[in-house]
Amino acid sequence: MPPKKLSKTRNIGIIAHIDAGKTTVTERILFYTGKVHRMGEVHDGEATMDWMLEERERGITITSAVTACQWNGHTINIIDTPGHVDFTIEVERSLRVLDGAIGVFCAVGGVEPQSETVWHQADGYKVPKIAFINKLDRTGADFFRAVEMIRNRLGANTLVLQIPIGVEDNFEGVVDLITMKAVLWEDETLGAEYAEVPIPPGMMEEASHYRELLVETLADKNDSFMERYLSEEPIQTDELNQAIRSATVKLDLVPVFCGTALRNKGIQPLLDGIVNYLPSPVDVPPIIGHIPSSGIEATRTAEPGGPFSALAFKVMMDGGRKMTYLRIYSGTVKTGDLVYNPGKDIKEKLSRLLRMHSNKRERIDQASAGDIVAAMGLKLTTTGDTLCNEDKPILLEPILFDEPVINMAIEPKSVQDTDRLMFSLEKLSEEDPTFKFKLDEETGQTIISGMGELHLEIIVGRLKREFLVETSQGKPQVVLRETITKPFEHEEVFQRELAGQQHFAGLKIKVSPLPRGSLNKFTARCENPDLTEELLNAIRQGITEAETSGTLMGYPVIDVETELMAVQIKETSDVMAFRVASNMAFKNACQNAAPLLLEPIMKAEILAPEEFTGEVISDLNSRQGKIEQISRKGPVQAITAHVPLSKMFGYSTSLRSVSQGRGTFTMQFSHYDKA
């Protein structure tokens with residue numbers, strides 16, 4: 001690849017609800033940029049970015065895949081992310097390292113539940129975005145309704161840059177509101193060639209109206225632009241593009257493009273939009289971390305000549321060997337370099353650096369700021385770890401992961417495979433931080449935990465295919481939580497002789513329930529001057545340990561505030577005694593504070609033809625579902641409901657039954673509530 005300038009690099013992700021067409025959009029981008037010479041289709045199981053067998057069989061994206069391509073002298077690194085809620089970790093860790101994102105929306109479905117989730121994830125990381133309204137050739141497509149939904153449901157300040165020419169079967173192309181030209185694609189060249197022609201006379205009035213809106217919206221965001229607009233001076237295309245770029249990078253506006261990826265229309269202007277409007281690594285603020293030894297905040301600017309810093313955002317097993325994906329924020333690193341992991345205080349050697357194209361790889365000698373690469377040889381580095389120079393260390397903010405909500409017992413069909421099963425589960429949990437496993441000491445069973453039925457189904461399939469371990473599975477079980485329902489004060493005294501030495505600790509705590517979703521809170525209200533920072537940390541640690549196992553059934557305790565009211569300290573008081581005393585105090589207090597079991601509640605959206613609405617609602621009611629909203633989405637009804645996860649096992653079969661196979665649904669974790 002030719003030497004690149006950072007300003008000509010774009011690190012982008014493609015995010016959307018399942019079936020909005022993310023992978024098809026990525027395939028077209030790779031085709032038109034010359035990265036692949038044949039377009040693979042998702043429905044044929046031949047998409048370049050969906051390389052796993054499970055992805056090809058199911059026609060969905062399961063793991064985020066990285067690739068790079070060239071457009072107009074720019075390098076575009078692309079991460080195609082999954083749309084299914086069970087694999088939201090893939091979106092989370094991708095957005096953590098990206099500079100920009102394309103939100104793909106179906107022109108029929110508009111903003112769907114998982115679209116909201118991934119959009120808000122991107123908002124959380126302050127990632128500038130552009131929107132692409134896809135599938136304008138489908139029956140029921142409505143471009144302007146989709147834009148309105150993006151504005152209302154996502155709170156995005158949309159800036160329409162294109163409007164469609166025709167709709168559904170009559171969709172022909174788009175009107176570009178920047179150049180005020182119509183763009184039409186040629187079917188004979190699979191959309192590779194397109195022509196800019198005058199706007200059809202019947203659309204001139206509509207195009208002028210939306211062009212005026214575009215300029216007005218930009219004027220609101222840019223003072224110098226406002227002066228030009230009010231004085232009615234002509235505005236050049238370059239000036240428009242510069243103003244749009246500035247507003248997009250500042251997260252003030254979301255430019256909107258449209259087309260139909262499957263019919264090869266609309267992708268080249270989207271590529272121009274990526275290059276023109278989304279930020280390069282030098283346009284985004286420097287990455288913030290802290291110096292490990294002092295905790296002082298530190299930043300790293302995207303400079304190849306600066307000190308090296310990178311974030312490991314994904315781990316994959318490749319033929320039994322560990323491959324770690326890195327986003328390099330500053331500096332340069334070469335094959336064979338020793339890098340420092342400040343979180344684990346270890347040094348590791350980069351035995352190989354690779355530029356990835358889905359599951360294909362190209363060996364490279366070095367990588368620098370702005371690059372997204374894979375590395376071999378990092379044995380102890382895991383997802384969320386920072387890598388840097390030992391003499392200039394920095395610890396970047398780690399990636400946060402959701403806790404699993406579903407359990408399943410698993411065992412090998414052959415006793416000889418027991419060790420291999422544990423080894424395989426270890427490797428899979430290294431790859432996926434939302435997948436966990438443990439040995440239940442009471443039953444002797446191996447319990448695997450994940451984000452949903454599909455997640456665990458994929459794990460079991462991978463055990464068989466990749467690790468050659470045949471397994472038997474139990475029925476999935478929901479992961480519960482515990483909480484309390486009333487305040488309670490408790491005094492605990494720990495006095496014991498251990499190994500000939502006396503240990504003493506006394507303390508009084510108060511536990512109180514917090515609103516759902518508040519997590520746990522510890523407050524020190526004690527003003528005893530003998531309470532040192534070391535003893536206070538021991539008390540906090542003892543309570544944190546106690547919160548991992550409740551008094552009803554041993555599930556983690558959530559939404560509880562613990563207040564330290566008083567302590568008794570003697571000459572024989574020490575850290576160990578206070579840790580044990582606080583652990584016992586918390587458990588005894590919770591036991592007397594009316595403990596309660598909580599179960600995960602899912603937000604489900606069901607799409608079904610209107611004639612089946614009654615049967616769908618009746619079925620949801622039988623599952624203790626609470627209907628939140630019923631609305632029309634094109635030709636179907638959308639029913640939004642909150643339903644206990646325990647009642648949703650096997651729901652896809654039931655929905656097919658009550659809707660004659662015409663209903664679909666998606667669900668995502670909403671909150672915990674009374675079981």
Side-chain angles (χ1 to χ4, degrees), residues 6 11 92-99 121-128 249-251 279-315 324-334 337-350 367-373 375 378 380-401 433 519-524 526 529 531-544 564 575 579:
L6 266 176
N11 290 318
E92 188 78 30
R93 58 183 171 191
S94 300
L95 286 170
R96 173 70 172 79
V97 298
L98 292 172
D99 302 325
Q121 281 175 302
D123 283 342
Y125 287 118
K126 294 186 166 51
V127 175
V249 171
K250 287 180 189 165
L251 304 173
S280 72
V282 294
D283 297 319
V284 295
I287 190 77
I288 297 171
H290 64 266
I291 297 166
S293 55
S294 63
I296 296 169
E297 189 175 284
T299 58
R300 290 286 184 270
T301 311
E303 293 173 358
F308 169 66
S309 68
L311 187 78
F313 68 95
K314 181 178 167 75
V315 170
T324 309
Y325 284 80
L326 306 175
R327 161 69 199 260
I328 300 174
Y329 285 104
S330 63
T332 300
V333 70
K334 295 184 172 70
D337 279 359
L338 271 178
V339 292
Y340 178 58
N341 181 331
K344 295 191 167 87
D345 192 23
I346 52 167
K347 285 190 279 191
E348 297 207 80
K349 187 177 181 180
L350 291 169
S368 57
D371 282 338
I372 294 177
V373 294
L378 302 172
L380 300 172
T381 298
T382 53
T383 302
D385 283 0
T386 303
L387 298 175
C388 58
N389 295 127
E390 192 176 10
D391 57 342
K392 290 201 175 166
I394 186 171
L395 192 58
L396 304 177
E397 186 188 332
I399 303 170
L400 300 175
F401 309 117
L519 305 177
N520 292 329
K521 190 176 170 188
F522 175 78
T523 313
C526 171
L531 180 62
T532 63
E533 191 67 32
E534 192 180 23
L535 293 179
L536 182 62
N537 284 337
I539 293 169
R540 188 184 277 113
Q541 192 179 351
I543 287 167
T544 303
L564 178 64
V575 165
R579 202 169 85 203

Partner residues of T382 under the side-chain hydrogen bond (donor to acceptor under 3.5 Å, both in side chains) criterion, sequence neighbours left out
K344, D385
I'd like to check the side-chain hydrogen bond (donor to acceptor under 3.5 Å, both in side chains) partners of R579; sequence neighbours left out, ordered by chain and number.
none
Salt bridge (Lys or Arg N to Asp or Glu O under 4.0 Å) partners for K349, two or more places apart
none
Shortest non-hydrogen contact from V127 toward L95
CG2-O, 3.9 Å
For N11 and V97, what are the C-alpha separation, side-chain angles and deciding distance, and is it a side-chain contact (heavy atoms from CB on, under 4.5 Å)?
CA-CA 8 Å; N11 290 318; V97 298; over 6 Å; no
Answer yes or no: is there a donor N or O on one side and an acceptor on the other, between the side chain of D337 and the main chain of V339, under 3.5 Å?
no
So which heavy atom on G370 is nearest to which on P281, and how close?
CA-CG, 3.8 Å
Determine whether F522 and I539 make a side-chain contact, defined as any pair of heavy atoms from C-beta on separated by less than 4.5 Å.
yes
Min side-chain heavy-atom separation N537-E534 under 4.5 Å:
no
Would L396 and Y329 count as a side-chain contact (heavy atoms from CB on, under 4.5 Å) here? Give the steps.
CA-CA 10 Å; L396 304 177; Y329 285 104; 3.9 Å; yes
Residues two or more places apart in sequence or in another chain: which of them pass side-chain hydrogen bond (donor to acceptor under 3.5 Å, both in side chains) with R96?
none
Counting only pairs under 3.5 Å, give me each side-chain donor-acceptor contact of residues 289-312, with atom names and distances, residues two or more places apart or in other chains.
| from | atom 1 | to | atom 2 | distance (Å) |
| --- | --- | --- | --- | --- |
| S294 | OG | I296 | N | 3.3 |
| R300 | NH2 | K392 | O | 3.0 |
| S309 | OG | S330 | OG | 2.7 |

Between L326 and A375, which heavy-atom pair has the shortest distance, and what is it?
CD1-CB, 4.0 Å
Using atom types as modelled and distance alone, determine if a side-chain donor or acceptor of D371 lies under 3.5 Å from a backbone N or O of S368.
yes
Could you verify whether a donor N or O on one side chain and an acceptor N or O on the other, from D345 and Y340, lie under 3.5 Å apart?
yes
According to salt bridge (Lys or Arg N to Asp or Glu O under 4.0 Å), does anything in residues 285-294 pair up with another residue at least two apart or in another chain? List the pairs.
none
Any residue meeting side-chain hydrogen bond (donor to acceptor under 3.5 Å, both in side chains) with E390, in chain and number order, not counting sequence neighbours:
K347
Is D99 salt-bridged to R327, going by a charged N under 4.0 Å from an acidic O?
yes
Reported NZ-to-CD1 distance for the pair K521 and I543, which is rounded to 0.5 angstrom
14.0 Å
With K334 via salt bridge (Lys or Arg N to Asp or Glu O under 4.0 Å) - residues at least two apart:
none
With sequence neighbours left out, the residues meeting side chain to side chain contact (heavy atoms under 4.5 Å, CB included) with D283 are R245, V249, P279, S280
With side-chain contact (heavy atoms from CB on, under 4.5 Å) as the criterion, how do V315 and Y325 come out once you've worked through the C-alpha distance, each side chain's angles and the decisive distance to 0.1 Å?
CA-CA 6 Å; V315 170; Y325 284 80; over 6 Å; no
Step by step, would you call T324 with L387 a side-chain contact (heavy atoms from CB on, under 4.5 Å)?
CA-CA 11 Å; T324 309; L387 298 175; 5.9 Å; no
Which pair of non-hydrogen atoms, one from T381 and one from N341, has the smallest distance, and what is that distance?
OG1-ND2, 3.5 Å
Taking all heavy atoms of A367 and all of I328, pick out the closest pair and write down the distance.
CB-CD1, 3.5 Å
Between L378 and L350, is there a side-chain heavy-atom distance shorter than 4.5 Å?
yes
